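Counting from 1, the numbers follow the sequence of the chain as shown. Just so you know, these numbers use all the heavy atoms, side chains as well, and skip hydrogens, waters and symmetry mates. Everything numeric in this text was worked out from a predicted model, so none of it was measured.
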Amino acid sequence: MDISSPDDLIRSEASLQLHISTALMENFMKMAKSNTDKNLETCGVLAGSLKNRKFYVTALIIPKQESTSDSCQTTNEEEIFEVQDKRSLFPLGWIHTHPTQSCFMSSIDVHTHYSYQIMLPEAVAIVMAPRDSSRTHGIFRLTTPGGMSVIRQCQHRGFHPHDPPPDGGPIYKTCTDVYMNPELKFDVIDLR
C-alpha cells in the first residue's frame with residue numbers, strides 16, 4: 001500500500017454511530033457545580049462499549065484534576081486507564097465545563113481532543129457553558145483531514161492561535177451524527 005502522506009491515514013468521516021444518554025450532561029453539571037460556582041473548570045472522560053457497530057457511552061469517569069477558570073488538567077491518569085481496562089471500555093471522548101466562557105473549543109481543548117480522536121475517529125468533545133445565553137453546550141469533533149492535520153503539526157502549548165486548515169474549513173465542527181438516547185444507562189465513576 002502506497003501512503004503519500006500521514007493525512008491518508010486519517011479517515012475523512014466518522015463511520016460508526018455514537019449514542020450518549022440524554023441525562024449525562026445534566027448529571028455532569030450537578031457533579032461540577034461546586035467548581036462551576038467557584039469559576040473553575042471540571043472535566044470528565046466518556047467511555048463505553050461497541051455493540052452492533054454502534055458506540056454507546058456507558059461510563060462517565062471523573063478523574064482527579066487540577067483546575068483554573070480556563071483550563072482543567074487530569075492527574076493520576078493511570079486510574080482512568082485502569083477503570084477502562086477493568087470494564088473493557090473504549091475511550092469515546094471527554095466532557096468539560098467553561099464556567100465563565102462561551103461554548104467553543106479553545107486551542108488547548110483542540111489539542112486535548114486530538115489525542116482522543118487520533119485513537120478513535122468517533123470520539124467527541126462536549127463543552128458545557130452554563131453562562132452562554134445562546135448555547136449552553138456543544139458536542140464537537142475536529143475536522144478530518146483539515147483540523148486533525150493542523151493540530152498534529154502544531155508544536156505550541158497553552159493558549160495560541162491556529163491557522164485554518166489548507167482547505168479553508170474550520171478546525172472543528174459541531175457533531176450532527178451523535179444520538180441523544182433517553183434509554184441509555186451509564187455509570188458515574190468519581191475518582192476524586
Subject >> Worked verdict on Ile151 versus Ile171 for side chain to side chain contact (heavy atoms under 4.5 Å, CB included) >> reply: CA-CA 8 Å; Ile151 302 307; Ile171 288 182; 4.2 Å; yes
Given 3.5 Å as the limit, does a donor-acceptor pair link the side chain of [X] with the main chain of [Y], or not?
X	Y	value
Thr58	Phe186	no
Tyr116	Val124	no
Thr68	Ser71	yes
Asp109	Ser106	yes
Gln65	Pro63	yes
Thr97	Met128	no

Below 4.5 Å, heavy atoms only, C-beta onward: do [X] and [Y] meet side chain to side chain?
X	Y	answer
Lys185	Ser21	no
Val83	Asp85	no
Thr74	Cys43	yes
His160	Gln155	no
Asp177	Gln17	no
Asn181	Ile20	no
Ile139	Cys175	yes
Asp70	Phe159	yes

Atom pair [atom1]/[atom2] of [X] and [Y] - distance to nearest 0.5 Å:
X	Y	atom1	atom2	result
Ile61	Ile80	CD1	CD1	7.0 Å
Tyr172	Phe104	OH	CZ	7.0 Å
Leu89	Leu46	CG	CG	11.5 Å
Leu191	Glu82	CG	CD	9.0 Å
Ile126	Trp94	CD1	CH2	10.5 Å
Leu142	Thr144	CG	OG1	9.0 Å

**OP:** For residues 48-80, pull every pair meeting ring-ring contact (aromatic ring centres under 6.0 Å, His included), keeping only residues two or more places apart or in separate chains.
**Re:** His19-Tyr56, Phe55-Phe90
Tell me the closest heavy-atom pair linking [X] and [Y], and the distance in Å.
X	Y	result
Leu92	Ala47	CD1-C, 3.9 Å
Leu16	Glu122	N-OE2, 3.2 Å
Asp132	Cys103	OD2-N, 2.8 Å
Ile118	Ser115	CG2-O, 3.5 Å
Pro165	Gly147	CG-N, 3.9 Å
Ser102	Ala129	C-CB, 3.7 Å

Original post:
In terms of hydrophobic clusters joined by side-chain contacts under 4.5 Å, are Ile108 and Tyr114 together?
Top reply: no
Original post:
Same hydrophobic cluster for Ile95 and Leu184, using side-chain heavy-atom links shorter than 4.5 Å among ILVMFWY?
Top reply: no
Subject >> side-chain contact (heavy atoms from CB on, under 4.5 Å) partner of Met148, the single match among Arg141, Gln117, Gln153 >> reply: Gln117
**OP:** May I have all residue pairs that pass side chain to side chain donor-acceptor pair (under 3.5 Å) and include part of residues 42-54, sequence neighbours excluded?
**Re:** Asn35-Thr42
Co-members of the apolar cluster containing [X] [side chain, <4.5 Å]:
X	value
Tyr179	none
Phe81	none
Leu40	none

**OP:** Please list, chain by chain and in numerical order, all residues satisfying side-chain hydrogen bond (donor to acceptor under 3.5 Å, both in side chains) with Asp187, sequence neighbours excluded.
**Re:** Arg87
Between [Y] and [X], do the side chains contain a donor N or O and an acceptor N or O under 3.5 Å apart?
X	Y	value
His137	His98	no
Asn39	Arg131	yes
Arg135	Thr174	yes

**OP:** Before giving the answer on side chain to side chain contact (heavy atoms under 4.5 Å, CB included), spell out for Met29 and Met25 the whole-Å C-alpha distance, their side-chain angles and the decisive distance to 0.1 Å.
**Re:** CA-CA 6 Å; Met29 288 308 292; Met25 291 184 279; 5.6 Å; no
Original post:
Should we say atom CD of Glu77 is surrounded by more than 12 heavy atoms from elsewhere, each under 6.0 Å from it?
Top reply: yes
Original post:
Take atom NZ in Lys33; do more than 12 heavy atoms of anything else shown fall under 6.0 Å from it?
Top reply: no
**OP:** Please lay out, stage by stage, how Cys154 and His111 fare under the test side chain to side chain contact (heavy atoms under 4.5 Å, CB included).
**Re:** CA-CA 9 Å; Cys154 179; His111 280 271; 3.5 Å; yes
Original post:
When the ring centroid of His113 is compared with that of His96, is the distance short of 6.0 Å?
Top reply: no
